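Everything numeric here is computed off the predicted structure, so don't read it as measured data. Note that these values count all heavy atoms, side chains included, but never hydrogens, waters or copies made by symmetry. Atoms within a ligand are numbered from 1 in the order they appear, just like the ligands themselves.
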Amino acid sequence: MTSKELRQKYLDFFKEKEHAIIPSAPVVPENDPTVLFTTAGMHPLVPFLMGEKHPKGTRLANVQKCVRTVDIDEVGDNRHLTFFEMLGNWSLGDYFKREAIEWSFEFITSEKWLGLDPRRLYVTVFAGDEDAVRDEESIRIWQDQFAKVGIKAEAAGEDRMVNYEKRIVPLGKDDNWWGPAGETGPCGPCTEMFYDVSPELGDVNDTFANLVKDFRFMEIWNDVFMEFNKKADATFEKMAQQNVDTGMGLERTLVVMTGKDNVFDTEFFQPIIRKIEELSGKSYDDEESKVPMRIVSDHLKAATFMIADGVSPSNVERGYVLRRLIRRAVRQGKILGIEGNFTSKIAEVVILEYKDVYPELGRETKKIIEALNQEEVKFRETLEKGLKKIKEIIAESRSAERISGEKAFYLFSTYGFPLELTKEIAREHNVAVDEEEFHDEFKKHQELSRTVSAGMFKGGLADAGEMAAKLHTATHLLLAALRKVLGEHVSQKGSNITGERLRLDFSHEKKMTPEEISEVEKLVNVAIEKNIPVKCEEMTLDKAQKSGALGVFGEKYGDKVKVYDIESFSKEICGGPHATSTGELGKFKITKEEASSAGVRRIKAVLG
Ligand code: SER
């Protein structure tokens, strides 16, 4: 069976069951701000699941392209993907559990359709909890289906041991409750279908969890009975309309149809993997190359579809996900020894393979190729610089035979080198990496930036924390000085403090002159020399504003705020912490003054 035949069979089957066939929506949801990507076929249908009338009626089916990145780290095993296609059928207040399960069983096992072996089919159902009861109805319906082909099917017990007779497994919400896709919306109990992909291993006799973990069971289809709406207060209300939402994984179903045991051995990936072999000169059969090739093929396929639907690489939201996929692929390509830009060459294969089904790939070819080339060139530059740097570090570290955690962290923060990459390269040079120290360093920086950005030192922090508190006080002095020198129009637009320096963004149209800069420095240093106490008082926001304390516009404050007062110099609403008096700060020096964005300047300064 081919992928084209499988898509067609599914749609034909549900056409026979009086479903209208609807097109795939884009991978970027059109009217749903609650999710970044279309992760299931039900997404674009949410308004109709909630009761709105669909123009095509109450029975729908389609093939939906989906992007799901929660499992990004699993990609490389036999079944996880960031891009996949989902075959789906829906009942909008029409049929419910009986028809949905009967049709799933018929489509999977009937000779006219997939003709899979019902003896290798196992299912899960919802076990019940405080929100909804155990799904006895689905258990009974499944038993009826198996009985039709002479199989006596019972529900597994608490131990979840599965065997030939016990092939219906009740599981909790984590496994057998689907949705909502975002924070709120339609959801409900579900029943999932698994196929035994390795019958040659003998009789099934293990816990359900083990059978899935060992890849013996491949999940292929999920029927969701969407009868609840999850509300913002996390409670569930019964919806007026009882819906069915099903999703059958196209790639995984082709695996079982072709007798394979993993998605990468199917036609969905083989042409892409052949191209990667050609570009790298390596073989997919070679154990070391297998996982990198799987990652490259999955990630670049997802990237191709995302760009076609309008995403471009950036540092936020969808653009960031795209950027991460491309960069991971480039790095894996490097591990495979591919020289030069290759991502767009892989995309060309993806486009060729999929453009008949998804014509937008053909239409957007130019955009896809350009975006990939641009992103790859940009990333390779940092990657090259980072590789040079790591060679220097290795040379310096040779006598110690190890790269310190601090240096590994530097490579990570400055060149975007994940620890695995540093380790990989170090290993090639017979040098180890101090991983524990790297993780300590990582935690320290995380901690520092988190506490600083939340403005919440709880006292007792190490040296770095004390320095940050002093820089924080210096930031208040700086803002006050800027208002004195440049004028009252100056307000804070952003602030960031590391253990070494402060950074303040503020509203001002023009570049500061050298005279203005030294005047500001002087004012701050005079305030430091006067050793003014830094007083802190808690009061209502209203009172703080009336007292003339500065606050950051748009910031959300609680009812009570803290006001830090450096007498006759600065008064600001702020979470703290601060130095206790300005004399502790030492010498203040501006190291940089530059544009940040239109109408906003940025100053970096240190304390000596
Ligand atoms: N929404 C369900 C899923 O994604 C069924 O389509 O599994």
Side-chain angles (χ1 to χ4, degrees), residues 6-7 10-11 13-14 17 19 21-25 27 29 32 34-50 54 59-71 74 79-92 94-97 99-101 103-105 107-108 122-126 132 135 138 169 171-195 212 217-230 236 239 241-253 263 302:
L6 180 52
R7 286 191 197 92
Y10 185 85
L11 298 177
F13 177 84
F14 282 99
K17 310 288 183 203
H19 286 61
I21 309 304
I22 57 171
S24 172
V27 293
D32 188 350
T34 64
V35 283
L36 288 182
F37 295 102
T38 304
T39 63
M42 54 77 66
H43 263 163
L45 297 173
V46 169
F48 309 104
L49 293 164
M50 296 294 290
H54 193 285
R59 294 183 182 194
L60 311 171
N62 84 350
V63 182
Q64 173 66 49
K65 47 180 176 172
C66 302
V67 168
R68 237 184 235 192
T69 52
V70 282
D71 297 323
E74 317 294 334
R79 61 183 187 277
H80 284 97
L81 298 170
T82 60
F83 173 87
F84 58 90
E85 289 170 84
M86 199 183 261
L87 305 163
N89 59 283
W90 293 275
S91 155
L92 305 173
D94 189 314
Y95 58 86
F96 203 43
K97 293 182 184 177
E99 293 87 336
I101 292 176
W103 291 340
S104 289
F105 189 81
F107 183 66
I108 291 175
Y122 295 79
V123 302
T124 61
V125 294
F126 181 55
D135 195 353
S138 292
V169 190
L171 296 173
K173 255 215 190 72
D174 282 353
D175 297 283
N176 280 82
W177 186 276
W178 206 90
E183 291 292 308
T184 58
C187 57
C190 63
T191 176
E192 296 187 323
M193 290 149 257
F194 290 78
Y195 202 67
V212 173
F217 280 6
M218 175 85 87
E219 185 205 334
I220 52 170
W221 203 346
N222 184 15
D223 288 358
V224 187
F225 306 117
M226 287 194 160
E227 46 181 333
F228 292 95
N229 175 35
K230 186 174 181 186
F236 298 86
M239 287 194 291
Q241 176 176 308
Q242 287 189 325
N243 307 299
V244 172
D245 154 40
T246 93
M248 181 177 216
L250 180 69
E251 292 81 353
R252 293 178 181 192
T253 306
V263 288

Asks: Hey, which atoms in ligand 1 end up nearer than 4.0 Å to a heavy atom of Met42?
Replies: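 This gives 1 (N) as the contact atoms.
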
Asks: Going by the order shown, which atoms of ligand 1 are within less than 4.0 Å of some heavy atom of Asp245?
Replies: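 Counting atoms of ligand 1 from 1, those under 4.0 Å from Asp245 are 1 (N), 2 (C), 5 (C), 6 (O).
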
Asks: On the 0 to 90° scale, with breaks at 30° and 60°, tag the Phe228-Trp177 ring pair as parallel, tilted or perpendicular.
Replies: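 Rings of Phe228 and Trp177: tilted, 30 to 60°.
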
Asks: Find out whether Lys17 and Glu99 are in side-chain contact, i.e. whether some heavy atom of one side chain is under 4.5 Å from a heavy atom of the other.
Replies: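 They are not in side-chain contact.
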
Asks: May I ask you to check whether Asn222 has an N/O atom sitting below 3.5 Å from an N/O atom of ligand 1?
Replies: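 For ligand 1, there is an N or O atom that lies under 3.5 Å from one belonging to Asn222.
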
Asks: Examine the proximity of ligand 1 to Arg68 and report which part, side chain or backbone, both or neither, has a heavy atom under 4.0 Å away.
Replies: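 The answer is the side chain of Arg68.
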
Asks: Do Thr191 and Asp223 have side-chain N/O donor and acceptor atoms under 3.5 Å apart?
Replies: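 Their side chains do not contain a donor-acceptor pair, so the 3.5 Å distance test is not met.
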
Asks: For ligand 1, which atoms sit closer than 4.0 Å to a heavy atom of Ala40?
Replies: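 The list of qualifying atoms is 1 (N), 4 (O).
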
Asks: Indicate, as side chain, backbone, both or neither, the part of Asp223 found under 4.0 angstrom from ligand 1 when only non-hydrogen atoms are considered.
Replies: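 Under 4.0 Å from ligand 1, Asp223 contributes no heavy atoms.
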
Asks: Can you name the atoms of ligand 1, numbered from 1 with element, that are less than 4.0 Å from a heavy atom of Val224?
Replies: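 Near Val224, the atoms of ligand 1 are 2 (C), 5 (C).
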
Asks: Is there a side-chain contact between His43 and Gln64, using heavy atoms and a 4.5 Å cut-off?
Replies: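 The answer is no; the side chains never approach within 4.5 Å.
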
Asks: Which atoms of ligand 1 are found less than 4.0 Å from any heavy atom of Gly247?
Replies: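 Result: 5 (C), 6 (O).
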
Asks: Do Leu92 and Leu49 have side chains that get closer than 4.5 Å, going by heavy atoms?
Replies: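 Touching, per the 4.5 Å side-chain cut-off.
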
Asks: Does the separation of the ring centres of His19 and Tyr95 fall below 6.0 angstrom?
Replies: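 Between Tyr95 and His19, which both carry aromatic rings, the centre distance is below 6.0 Å.
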
